[in-house]
Structure formats: C-alpha cells, structure tokens
Amino acid sequence: MAVTTPLPAAEAVFRARGLTKTYRMGEVEVHALRGVDLDLFRGEFVVLLGPSGSGKSTLLNILGGLDAPSAGEVWYEGHHLTGASERELTLFRREHVGFVFQFYNLIPSLTARENVAIVTEIAEQPMTPEEALARVDLADRMDHFPAQLSGGQQQRVAIARAIAKRPAVLLCDEPTGALDSATGVRVLEALERVNAELGTTTVVITHNADIARMAHRVLYLGDGRIVREERPARRTPAKELRW
Amino acid sequence: MSALTRKAWRDLWHLRGQALAIALVIAGGVATLVMSQSTYESLTATREQFYRQAALADLWAPLVRAPDTLLARLAALPGVQTVQARLLALGTLGVPGFDEPVRAEVVSLPLEGGQPLLNQVQLRSGRLPDAELDNEVVVGEAFAAAHALRVGDSLRMTLRGRQRWLRVVGVGTSPEYVYQSPPGTVFPDFKRYAVLWMNRHAMERALDMDGAFNNVVLRLLPAARPAAVIAGLDGALARYGGVGAYGRHEQTSARYLEEEMRQLRTMARLFPAIFLGVAAFLLHVVLMRLIGTQREQIGVLKAFGYSHRALAGHYLGMAAAIALLGALLGIALGAGLGRWLAHVYQDIYRFPFLAWRLSPWAIATGTAVSLAAAAAGALMALRAAASLPPAEAMRAPAPPRFGPTLIERLGLQRWLSQPARMVLRDLERRPGRAAFTVLGLALACAVIMVGRFQDDAVGYMVDTQLSLAQHHDLAVNFIEPAPRRVLFELAALPGVREAEPIRTAPVRLVHGLRSYRTVIEGLPPAARLRRPLDVRLGVVTPPADGVLLTDYLQRMLALEPGDTIEVQALQGHRHVRDVRVAGFVRETIGAQGYMDLDALNRLLGDGDVVSGVLLGVLPGAEADVYARLDRRPWVAGISSRLASVRSFYATMGESLLVFTWVAALLGGVINFGLVYNAARISLSERGRELASLRVLGMTEGEVSALLLGQLGLLVAISLPFGFAAGWGLCWVMVQGFQSELFRIPIRLTTATYAFAGLMVLGASVVSALLVHRRIARLDLIAVLKTRE
Ligand SMILES: Nc1ncnc2c1ncn2[C@@H]1O[C@H](COP(=O)(O)OP(=O)(O)O)[C@@H](O)[C@H]1O
Ligand SMILES: [Mg+2]
C-alpha cells in the first residue's frame, strides 16, 4: 500500500545552525561534526543515513539535549537549546523528546509495563503504559521482564516507552541495528504508525539505505557534514522493506 | 509505588547477597560501638549507684594504733561529715582442699553490730556476724565463688601466728573492694586473696587492740576541700603512726576501677572508630562499584528527563536501606553482646546489680555514621556516573584500552600463561580500583590482628614481668619491718634453696606539682630473685644511691635521668628526702621505684630491716615451706609466684579470648563483604567476556580462575599492607591503653600474623566459592543475547 506523501506543514520544530562537535583525545582532535545546518518539520519522518563514524549519533544526541555542540546553535520551537542549563535540558527531554537506542536500554529490573511507567510517571499528559504498549503490539507481554523478551520485543518496549509521553519528537539511533530484518521491519512499522497516528516528528538513524525508502526526507551524513538531501517521491511502507 | 521505587526494591532484592554482605560489615561496626559504649555507660552508672548505695568513703587514713577517744577530734575536723573507725589486718587463710597460700584482708565490723556507717557490706547471702560471737565472718563474694564457699562452711585463719576456725555466715561485697588485688600486685587473684569481715571485738583480741583502731574512713561534707581535711587528719594522726590519708583517687579499688573504666572508655571509642571507619570505607567503595555497574541505566533515565536530584534520591534510598538494615542488625547485635559483656564485667567486679542501659548516643552515632557513609558512597558514585553526558553513559562501552603490563614490558611474559596475562592487564588497567580493594582487605586483616594483639601483649608482659624479672617461688611479707637476720632463719627452713631480703616501703613521690603514691622496693646488691629490667630487658641493679623508677613514672612526673625527686616516706619516721633519679626501668605492670636496700633503709632511718623475704624453694617443697611459714606470727602474707602467673592468665585469658574472636569475626565479615562484593561486581561487569570465553570452550574452572585469580592476587598483595596496618592499629591502641596499671607493649607474635593471614585467606576462599557457584550457573545465552 502506497502512502501518499502529505508534505508536513512547513513549520520547523528543530533548527540547527553551524553545529560543530570536536572531541579531544589527548593530542588528537576528532571532528565529529563540521558545520551542520538542519531543519526538522512537524510530523516529518526523517532518515539520517551515513557510514559508521560520520557523526550521526553525535548530531542526534545534540538535538535531543543529551550533549552540547562545540559551536553552533540549536532551537527547539523557538527555545534556544544551546544556551540552556542542565535543568532546562532535563525538562526539555522530559516533556518533548523520546529516545530509542540501538541496544534498547531497558531497565532490567522492571517489567515492560513498568519500563514505560517510569517515563509516564514524570510526563505531563502521557498515555497509559498499556496504551503505549498496545500501539507497538505488545499488549500481551506487559508483565514480562526484559530478559524474557526477544530483541525485537525489547526494542518495541523501548519505542512504547519513548512515545508514551506523547513527545513532539522521537529520536531513534539505529533502532534496528541489533535486529534481523524481519524483526527490524516490525520495529519500523511501529515507528511508522506512531508517526502517522500521533504526528510525532521522527528521526531514524541508520546505515541501512533500504530503510531510507520509508522516509519523507533522507539526509546523508558524511564526515561530519550533511552531504546530500533527498525526498523520495514515494514512501515505501515499512512492511514492504527487506534487507 | 512509583516505577522508580519499584526498581529500587527489585534491584535491592537482586543484589541481596551483596547488600547483605555490606549490611553485615556495617552491623559489625555498629555492634562494636553499641556494645562497648553501652557496656561502658552501664558499668559507670552501676559503679556510681553502688558507691552511693553502700556509702563509699571519701577519705581513708591508715595508722598504727589510736584510741577510740580520738574519734571525736577527727569528727570535729572542719569538712568532715561522718567518721568510721575500724581495724584492718592481713592474715592467711586455710581453705579445706586447697593447699596454696591464701592471703586475707580482714576488716572489722562495728562493735555494736550491724553495718558500718561507711563502706557497707552488701550481703549477697547469709547475714552479718552476730555481735556476741567471735567466730563468725562474712567472706568476699569473689573469693567465695572461687572456692564454692557457702554460708555454713568453715575456714582456718591465721592472724598474728594464731590459728582459729571461722564459720562463714554471709557472703558479700563492698564498694572499697570492688577491685580486689592482693597487696603489691596489680591483678586480681580471687583464689588466693580474700576479703573478710569480722566483728571488731574478735579482731581487737586477735590484734591486742582493745579500744583502739588502725584505720579510719571518712565522708566529707559536700563543700569540704579534701586537701585541707587530709592535712588536718595527717596532723591529728601523726602521733599514732598515721601513714598519710588519701582520697578515692588513691584508694586501690577505686583507683583501679577508675583506671579500668578509663580503658573501657578508650576501648569504647577506639574499636568502634576502627570498625565503623572500616565499615564506612567499605560501604563507600562497594556502593561506588555497585552504582558504577548501573551507568547505562542512569544514562537512560537521564535521557528520559529524570533529574540529578531524582536519581540521587533513588540511589541514596537504596544505599540508606542497606545502611539501615546494617545499623538495625548492629544495634540488635550490639545490645545483646553489650548486655552479655556487661554481665561478664559485673561478675568480675561482683557488682550486686547491673544498671544496664542501651546507649542512645551509640545508637544515634552508629546509625548516623552508617547513613553518612552510605550517602557519601552513593553520591560520589552517582557523581562519577552522572558527570558523563547521558549519551556517553549509554554508548556501547568502547573496548577498554589495554597495554602490555609492567611485567611484560620487563620481558617476563614468557613465564605467564594467557589467563595470567589477562588477570594482570585487567589489574593494571584499573589501578585505583585495585588499590581500594587492597586497602580494604588490608584493613580487615588489621582488625583481626588487633583482636589477637592483646593476647600477645599479655603473654609478653607475663614473660618479662613474671618470668624474667621475678625468679622467686614464694614471697613472704611481714607484719612490720623486721631485723635483717630473720632472713637467715627463713633460709634455714628445710626445702628453701635461697632467700633474699626485700623491703617494700610506701612512699609518695613528688616532682614539682606532680605527685604519685606508690612503693619503693629495696633490693640487695646482685639480687637474683627480683631483678628490674631495662628497656632492652637487661638486668639493672639499683645504684648505691639514687632511685630507679618505672618508665611510666618518667612521663607521669615529668622526669629526666639525673633529676632530683622528693621521696616522702609514709612509714616509720616519715622522713622527706630528695633522691636522685638514677635511671628508669622498663616495666609493663605497675609503677614503682627500686633502690639499693641499704640506701632505702638509710632513707627511712629505722635501722637495718626488711619487710619481707623472697624464697627460692626446692621442687615439690612449696606446700611444706608454706605450712611452716604460716605458723609464724610476724608473717602477714605468703604468695606463690607461679600461682599468680596462673591466676593472671585465668583472669585475663577468658575475656581476651572472647575479644579475639569477636574481632576476628568482624575482620572476617569485613573481608568476606569486600571479596564477595568485588567478585560479584567483576562478574557483572565482565559477565559477557567470561560467558564468551565459556562459549569458546573454556571450562568453568578456567573462567573462575580468571575472575578469582585476580582477587586472589589482590588478597596476596594486601597481606603485607594488612600486617603493616595491623601493627599501626595496635600502636594506636597501645597509646590509648597506657595506664599506671599496666602498659601494653607492642609485641606481635608470628602466630598472630599467621592467624590474621589465615583468617583473611579463609574469608576470601568462602566468598570465592560462593561466586564460583555463580560462575557455574552463568547463563551463556542470556548473557550474550542482551547488552546490559
Ligand atoms: N566521546 C567521544 N570521544 C571521542 N571521540 C568520539 C566520541 N564520541 C564519538 N566520537 C567520534 O566522533 C565521530 C562520530 O561519532 P558518532 O557520532 O558516534 O558516529 P556515528 O553514529 O555516525 O557512527 C567518530 O569518529 C567517533 O569516533
Ligand atoms: Mg552511532
């Protein structure tokens, strides 16, 4: 089934200008980002593609307020993130951002439901953990501990955890990186559905070019710069992807 | 319950083994504090209450003989509230079935019957002697217990050479004989030293003291100045052979009890400080590592908007739960042990009751220190984990950077197996952590050594004091100084190998503003049976002039060799003379002076006399010699050296042994907590690595060796540090335990090092076995499946 590509309203949620990030490792300087300009629009599904080490995670972490750039500026809906205090960043993450990581990073001592609850408990207008888990098709696994779930299921719990607070933006760092293709597709489907149903701006990092086919927009990162930008004429539904 | 709280409980449950190990360490520290402080407070309260109840006197004044008519004058001295005159005498006792010398101090009860006004007898059973009967006595409880004497039993007493049979009608204690040590010795000997109370009438006849007294005790008015009253008393009694009145701080029992309380207090401060300090340190280290393993979870929670404060609260709560559990266990344990220990002391001192109280201060302090240590550990760990940007915390940790170890750089690697290299590289990669573990293990070892140390020290004290310095078999002392020729009479007794004169003179030593009441022993030149020792345990002979003093007096009186000291004789003509301090002798027990016998006699000015004789006796002849001596009227007491050594061991032995094991147990617990936690944390940190090795075909044993070998190496490294730390802790204790009663020397036997080492190894092996079981159960698939 072809998804029509309703171009989202041209309203930038994120605006980044001149982002650079330099890591110092003793004598050596690693330039992870070398001047990135970027706008993310409401409701967009963006795929960030690039080889390993190109700076994708660094960029995502800066957008999500987990890390600060060496130079350059980031705005979130008119709020200046780069000048924000640790406290403001914490509030920003708590209210507006959902993260999904390659290795799920669930709390091993909490059940699926509790892993979601730990976020909903501190959010302002969250959905219930049950609803969030239902959205990723895990209604029947709510009381399982992470160790009792497969990788794909764990990742879907992680997605439920990320979306339960109804974030404005969902940042996913190689969410399928640790999964086989069939499982990965189910995870992507969950993301696709959240994006469509809740209108959550979604950024997915991958170095898998196939996944780019489901995006509204694809950004290619190379050596710390955005080297190319594409808008697929037609989005491929996640469930038709294979790799 | 919020999900975060639930996580805290689940994590605690998951870590229950480790949490319990930490809690036990804390419990050990808190228990020591609660136990020793409560014991100390209870005994001090008991003592005060006992002194009050039984009307302990404020002043004592011994004299030779004064008529009862003098009492009115004494009572009229300004500041005096109550006066009680009495007769005191030293005698010997024969206990049926016990053929060793027993010395007895006999105290008179009022002529008219009933309790004396001061220093009353607290009867534990029976009654006071009938005022009309001369053959009834109350015996001291400690002595009665040592010989299982009961009301109705009979004793044979020799007083001034006259023997008589006495009937025990009561068993009791008195506040002036709480600490009962035979005259001239420091340690109690319940079997060979007795306190008896008799009717004054009976004693008057035995001592030819009709209407006269030789000892008076006084209670002062609250506002009185003791020094002024003492001066008045001394003036009034000078004509009657008064040897100087003194207050509680110079009364043997009160002074020694005070000294023991002081030591108990030192112990109550020192040990808990050590144990609690070590426990706090471990708690800190272990929590640091424990929280370190939750780095990624902290990262996620931060990424999702949990604030530092919320996370700090979470981990503080977990740490506090562990600390509180430990503190509660410790309080319960400390209360139990403290009660028991206080009862042991009550038994030793024969307090008729025990004013037991659980020290609220100790409970509050113990809990507060545990919580503070937990909080400090948790917060520091959290700061380390939280200072990482959250993204960093979650990054798949880059393979840690390894390099060739020092040993390999030195080219020794061909001696090392592959696993040995892994062990060494892992240690070198985290030197700080390895150092912490080594430090903790060293402290555990040190704690165990502190427990054993007293035993060593006492052994050494007995060896030097009672073996090297003293060679006599029997010590005979006379009622009053006798001409030196009695020596020949005693030397001629069958069974006596050699005899040496000795003169023991009570004196007050004064240097500047400081003074100390003790005795000077006069020894003949080239004495063999009694020989003071110098610092190197060499024999020193008192010079022809001058006095040798116990080194402890050097500090007490602020003396230098060559200084002049004022010696106030408390006997005879009571001369006051300046005497040169010829040197110092090293003595671990007591504090006194030594002089040449002739020089001492010249100083006292009462002729060529001796106050006692030391005898070397042929093997097997001791009882016979004793029996012959006992019949001489001028013999006040006879004591057997071997018997004193034995009794000393018996008294000290039991309590020391208990202490050794308590300390060893605590050290073991600390050690166990440390090793177990270190191993468990390594296991969770390196679980993947170890599981991978298992998958690659390594056996459980090989994988265990990898993890535990590293700990084994740390334990081995820690031992020399532990021994050094143990020595250091003992040194600190020795400083706290210096007293006029005895100075504990710093002597640690090889056995102590071995004991501590073995305890450390034992505790380590136990924890290693527990962890090995975990390694055996390592779920290979689960560990490899998730990265966590
Ligand atoms: N904490 C760090 N310290 C040093 N270098 C880093 C650190 N984090 C990332 N880098 C470096 O920055 C570059 C970009 O990293 P990253 O953003 O993780 O790349 P990607 O996610 O595209 O694989 C890489 O060369 C990486 O080695
Ligand atoms: Mg990356």
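Just so it is clear: chains get the letters A, B, ... in the order the sequence lines come, proteins before strands, and each one is counted from 1.
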### Summary
Cut-off 4.5 Å, heavy atoms of chain B, and the answer for A:Arg113 is neither
### Query
Roughly how far, to the nearest 0.5 Å, is the CZ atom of B:Phe304 from the OG1 atom of A:Thr90?
13.5 Å
#### Entry: Point-to-point distance, once rounded to the nearest 0.5 Å, from OG of B:Ser2 to CD1 of A:Ile122
10.5 Å
### Message
Check this for me, if you would: do B:Arg10 and A:Glu114 make a salt bridge, where the nitrogen-to-carboxylate-oxygen distance has to be below 4.0 angstrom?
### Response
yes
### Message
Under the criterion side-chain contact (heavy atoms from CB on, under 4.5 Å), I'd like the reasoning laid out for A:Ile107 against B:Leu301: C-alpha separation, chi angles, the key distance, then a yes or no.
### Response
CA-CA 9 Å; A:Ile107 307 285; B:Leu301 290 172; 4.2 Å; yes
### Heavy atoms of other groups near A:His80 NE2, more than 12 under 6.0 Å
yes
### Message
Using a 3.5 Å distance criterion without hydrogens, assess whether the side chain of A:Arg94 forms a donor-acceptor pair with backbone atoms of B:Tyr306.
### Response
no
#### Entry: Pairwise distance CD(B:Gln297) to OG(A:Ser109) - rounded to 0.5 angstrom
5.5 Å
### Task
Answer yes or no: are there more than 12 heavy-atom neighbours, outside A:Glu197 itself, under 6.0 Å from its atom CD?
yes
### Query
What part of A:Leu110 gets closer than 4.5 Å to chain B, counting heavy atoms only: side chain, backbone, both or neither?
both
### Query
Between the main-chain N or O of A:Asn105 and the side-chain N or O of B:Glu296, is there a donor-acceptor pair closer than 3.5 Å?
no
### Task
State, yes or no, whether a side-chain contact exists between A:Arg161 and B:Val300 at a heavy-atom distance under 4.5 Å.
yes
### Query
Should the heavy atoms of other residues, nucleotides or ligands under 6.0 Å from NE2 of A:His207 be counted, would the total exceed 12?
no
### Message
A:Arg87 vs B:Arg309, test: side-chain contact (heavy atoms from CB on, under 4.5 Å). Steps then yes/no.
### Response
CA-CA 10 Å; A:Arg87 204 183 134 68; B:Arg309 183 191 295 251; over 6 Å; no
